[in-house]
Each structure stands twice: as C-alpha cells, then as structure tokens.
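Read through the structure below, which is laid out as structure tokens, and then see the notes.
Residue numbers start at 1 and run along the sequence shown.
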Amino acid sequence: MANLNYHILSELETMQYIKKIPGLFSETAQLICKEMGDGNLNLVFRITEQDSSEKSVIIKQALPYARVVGESWPLTLDRARIESEALMMQNGICPGSVPKVYHHDKELALTVMEDLSTHIIMRKGLIARNRYPYFAKHIGAFLARTLFLTSDLALDPECKKQKVMQFINPEMCRITEDLVFTDPYYDAKTNQFNPLIKAVVEEIWGHDRLKLEITKLKEGFLTRTQALIHGDFHTGSIMVTEKDTKVIDPEFAFYGPMGFDIGAVIANLLLNYCSHEGHTLIQKERIEYQDYLLNTVEKIWTIFEEEFRTLWKEKARDSYVSLLGYEDDYLLRLLQDSLGYAGCEMMRRVVGLAHVPDLESINDPKLRAKGERLALVIGQQLVLERETAGKISDLTSLIRKVRNREADQD
Ligand code: SR1
Ligand code: MG
C-alpha cells in the first residue's frame with residue numbers, strides 16, 4: 001500500500017519533526033541538522049542541540065529510489081519498517097549490538113535512532129590499517145545469537161513462520177539476487193569494472209562449473225528460510241571504536257541462509273586484505289596487516305562456533321538436542337555455505353555495480369587491478385572449493401596459498 005503522506009524531508013522539516021517526538025528535544029531547543037548520508041540508498045540526518053554536544057540523534061529516511069542510481073531505480077519504502085523491526089529484534093537478542101531505535105514513522109519511512117558519531121565505519125578503519133581487538137568477539141557472538149535464536153533450532157515452527165512473514169522483503173532480495181548472483185556472471189549493463197582486469201572477468205563469464213556453483217548458492221538464497229539474516233553484512237554496515245562494535249543498516253533483512261551473513265563479513269575482510277596490495281606497499285607492513293585480517297576471520301568463526309554450540313546446548317528445541325551427529329553436520333554445512341557466499345560477495349564487489357571503497361580508493365589503476373585480480377582468484381576458489389573445507393583454517397591456508405602463488409607470478 002502506498003504511503004500517502006510520504007515526502008522527502010528537508011533539513012528544516014527534520015528539525016521541526018524531531019521536536020514533536022516525546023523525550024528527545026524540547027520545543028524551544030536550538031537544533032542543528034545536517035544530511036550526511038553517503039550510502040547507496042537513503043537520507044541520513046544528524047541532529048544535534050546547539051549548546052549540548054552530547055545530545056544528538058540520527059534520522060534515517062528511505063528514499064523511494066536507490067540514491068546511488070537515481071529515480072530511474074524505484075525502491076520499496078517498506079525497507080524502513082524492516083530495518084527498524086530488525087534493529088529492535090537484534091537488540092532484544094544481542095543487547096547493545098545495534099543502535100537504539102527511538103521512534104519509527106511508517107508513513108514517512110523514517111527511523112529515529114541512536115547517534116553513533118563516537119564510532120567509525122569499520123571499513124574506513126580497515127583501510128587505515130587500524131586493529132580492533134574486540135571486533136571478532138562481538139561479531140562472532142552477534143552472528144551466533146541472531147542466527148541461532150531466530151531459526152527453527154530455537155523457535156517453534158509456527159512462531160518462526162510468523163517471523164518469516166514479518167520480514168518478507170522481496171524487492172530488496174531482488175537487488176541481491178541480481179547484483180550478487182546474476183549480473184556479475186555475464187556481460188550485464190549494470191556491471192562496471194577496471195578495464196585492466198577484463199581478461200579475468202571474461203574467464204569468469206566463460207567458466208561453466210563456476211556458474212553452476214553460483215547458481216546452487218543463489219538457489220539457497222532464493223529458497224531457504226533458515227534464520228533472520230541482516231542481508232547486507234559488509235564492513236560498511238558495522239561501526240566500531242577500539243572497544244565497541246555496532247551493527248547498522250539491516251534494511252535487506254529477511255529469512256534467508258545463515259551463511260550469507262557470515263560469508264559477507266568474511267568476504268569484506270578479505271576484500272580489505274586484497275586492497276592492501278595497492279594501499280600498503282611496504283611488504284612487511286602489508287603481510288603483518290593481512291595476517292591480522294586472516295586471524296580475525298578465524299577468530300570470528302571460532303567464536304561464532306563456540307557460541308552457537310553453547311546456544312545449541314542451552315536453547316535448542318528438544319528434537320534437535322540429542323540427535324547424534326546433527327550439530328556437527330549443521331555446522332560443517334554452514335561453514336561451507338559461508339565460504340561459498342563469501343566468494344560470491346568478493347567477485348560481485350569487483351565486477352558488479354556496487355564496489356567497495358577499500359579497492360576503489362586505490363588511485364593507480366594498475367595497483368588497483370592487482371588487488372582486484374587477487375579478489376577474483378580468491379572468490380572463485382572459495383566458491384569452487386567450499387565443499388572441501390572442514391575447518392576455518394582450511395580457508396586461511398587456501399588464501400595464504402593463493403597469495404604466495406600470485407606473488408611468485410609478479
Ligand atoms: C543499489 S544497492 C547496491 C548495493 O548497496 C547495498 O549496500 C547492497 O550491498 C547492494 O547490493
Ligand atoms: Mg547499507
């Protein structure tokens with residue numbers, strides 16, 4: 001149903017609007033408002049009180065089209081509802097892991113939420129080679145809790161199906177189906193890539209087994225309602241300080257395969273790994289940072305698995321608790337799925353419409369091509385070899401092997 005009162009807010013209207021929300025600012029408060037959205041889809045206003053730097057909120061308003069493309073790409077406003085409801089659910093399951101939601105307005109497709117200006121976007125921190133000692137622990141636990149506790153492992157099947165309905169998100173899923181699983185694998189109009197990697201991209205377009213495996217992973221994305229997933233879990237959807245981690249932007253949330261979220265976060269750490277081929281030219285510094293990233297990937301999975309197994313012991317429904325071998329089999333399939341989805345995410349961020357700043361910020365096209373090529377080699381290997389992995393160190397060994405092989409060819 002159309003949102004009849006929907007219109008795009010100006011900064012002035014945003015300040016008038018926020019004063020009417022109880023408990024935030026007084027009617028007489030002197031406010032400052034700045035639109036600061038730099039993502040692909042929405043407006044993001046930051047509102048502060050002139051005399052108090054401590055009092056601030058974010059208003060995120062969905063546009064009826066994709067900001068990155070313009071009005072020619074209409075987009076559902078319902079994604080604002082999905083996002084606010086997912087944030088509230090995630091906060092219930094994993095308190096403090098997401099910004100607090102203060103207010104949601106369905107008609108205006110906007111959400112008023114906690115301002116996280118003390119945090120920075122994780123991706124920016126990784127480009128600057130920062131280290132975040134608590135990140136793996138927080139994200140591993142977030143993934144385990146949000147995925148396990150929204151799945152059939154923990155929920156009564158009827159209650160779970162109610163949630164599947166609540167989070168039905170077909171238009172946003174369609175973006176992912178096209179941009180992640182379809183367009184990068186043929187000469188689609190939406191693709192854009194560095195002309196220096198054309199030969200590798202054409203190899204991918206002609207690789208029948210790879211395309212078969214991508215289609216199997218796409219089938220999982222289309223058909224499996226395993227858990228409530230974030231749906232766009234890249235390092236631009238995570239904000240950090242040295243000690244804290246917050247997950248933002250779940251507007252792509254829906255019931256889908258768990259491995260899609262785990263894979264996305266792994267892929268984006270690996271894309272950053274590849275980008276240091278262009279950003280960090282001193283070999284010792286590069287290898288040390290790349291090792292840090294691989295250790296972080298291992299830690300995320302290890303913590304995820306520990307927490308998932310604990311939840312299985314404490315919260316799994318009776319029918320699953322004692323079924324011999326099921327838990328190990330479930331986690332093995334999940335690891336393999338995660339690697340496959342990581343591979344898809346890596347390739348689409350190099351060949352498809354939406355690239356990552358990690359690679360895009362390398363100005364020299366030749367150096368950028370080096371990182372992009374490495375991402376495409378790793379991405380393909382992850383998809384093709386995922387079913388040979390039995391533990392997370394199989395992934396990190398594979399990446400070290402690819403890196404050494406590529407370095408020998410330089
Ligand atoms: C048109 S949307 C392009 C991409 O931005 C979002 O963050 C998702 O990753 C989507 O694929
Ligand atoms: Mg986003």
Side-chain angles (χ1 to χ4, degrees), residues 75-76 78-79 82-83 85-86 89 143-144 146-186 188 190 207-234 250-267 304 308 316-317 319-320 323 326-327 329-348 352 354 379-380 382-387 389:
L75 259 194
T76 173
D78 191 44
R79 69 186 192 276
I82 297 263
E83 173 162 345
E85 292 180 9
M89 185 175 296
L143 283 166
T146 56
L147 299 178
F148 188 96
L149 294 170
T150 61
S151 76
D152 286 294
L153 295 171
L155 296 176
D156 163 78
E158 282 175 35
C159 164
K160 182 237 167 175
K161 287 180 183 70
Q162 290 294 334
K163 293 190 196 299
V164 174
M165 288 200 288
Q166 180 187 351
F167 287 100
I168 203 86
N169 200 357
E171 285 188 45
M172 302 306 278
C173 286
R174 182 62 194 257
I175 294 179
T176 306
E177 287 146 23
D178 292 344
L179 295 188
V180 179
F181 297 107
T182 313
D183 296 356
Y185 303 101
Y186 77 102
T190 50
H207 196 319
D208 289 336
R209 192 166 89 78
L210 180 71
K211 289 193 287 184
L212 174 64
E213 294 306 320
I214 299 278
T215 304
K216 291 186 202 166
L217 289 157
K218 179 177 178 179
E219 179 192 300
F221 185 86
L222 285 163
T223 61
R224 292 176 72 190
T225 58
Q226 201 177 11
L228 178 64
I229 67 170
H230 177 284
D232 195 23
F233 206 15
H234 54 79
E251 66 204 310
F252 284 79
F254 79 113
Y255 260 81
M258 296 179 179
F260 189 75
D261 271 2
I262 304 170
V265 77
I266 291 177
F304 167 80
F308 202 89
R317 289 172 58 75
S319 48
Y320 299 118
L323 185 64
Y326 185 49
E327 185 182 341
D329 180 71
Y330 197 102
L331 276 156
L332 177 63
R333 286 184 286 118
L334 186 47
L335 173 69
Q336 295 176 348
D337 267 3
S338 303
L339 301 194
Y341 287 120
C344 299
E345 169 75 359
M346 288 187 80
M347 288 186 275
R348 74 97 165 201
Q380 289 178 75
L382 291 182
V383 169
L384 294 169
E385 303 296 324
R386 67 189 190 283
E387 283 171 3

When rounded to the nearest 0.5 angstrom, what distance separates [atom1] in [X] from [atom2] in [Y]?
| X | Y | atom1 | atom2 | value |
| --- | --- | --- | --- | --- |
| Gln166 | Glu85 | CD | CD | 4.5 Å |
| Tyr185 | Thr215 | OH | OG1 | 9.5 Å |
| Leu75 | Ile175 | CG | CD1 | 4.5 Å |

Do you know the tightest heavy-atom contact between [X] and [Y]?
| X | Y | value |
| --- | --- | --- |
| Leu334 | Gly259 | CD1-N, 3.6 Å |
| Ala342 | Leu382 | CB-CD1, 4.0 Å |
| Glu345 | Ala267 | CG-CB, 3.5 Å |
| Pro184 | Arg348 | CG-CB, 3.7 Å |
| Ala154 | Leu149 | CB-CA, 3.9 Å |

For the pair [X] (side chain) and [Y] (backbone), establish whether a donor and an acceptor sit closer than 3.5 Å, ignoring hydrogens and angles.
| X | Y | value |
| --- | --- | --- |
| Thr150 | Ala227 | no |
| Asn169 | Glu251 | yes |
| Glu213 | Val383 | no |

>> Is any side-chain heavy atom of Phe304 closer than 4.5 Å to one of Leu147?
In response: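 Answer yes - side chains close enough.
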
> Knowing that exactly one of Phe254, Phe252, Phe167 qualifies, which makes a side chain to side chain contact (heavy atoms under 4.5 Å, CB included) with Ile82?
Replying inline: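 So the option named by the test is Phe167.
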
> Any side-chain donor paired with an acceptor under 3.5 Å for Lys160 and Thr225?
Replying inline: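 Yes - a donor-acceptor pair under 3.5 Å links their side chains.
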
>> Against the six-membered ring of Tyr330, is Arg333 placed for a cation-pi contact (under 6.0 Å from the centre, within 45° of the normal)?
In response: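 Output yes; distance and angle both within limits.
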
> Is Asp232 paired with Arg79 through a side-chain N to carboxylate O contact shorter than 4.0 Å?
Replying inline: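 Between Asp232 and Arg79 there is no salt bridge, as every charged N stays at least 4.0 Å from the carboxylate O atoms.
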
> What is the ring orientation for Phe181 with Tyr341, classed by angle as parallel under 30°, tilted 30 to 60°, or perpendicular over 60°?
Replying inline: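 Rings of Phe181 and Tyr341: perpendicular, as their planes differ by over 60°.
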
> Got more than 12 heavy atoms from elsewhere within 6.0 Å of CZ, Arg174?
Replying inline: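 Open: at most 12 neighbouring heavy atoms sit under 6.0 Å from CZ of Arg174.
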
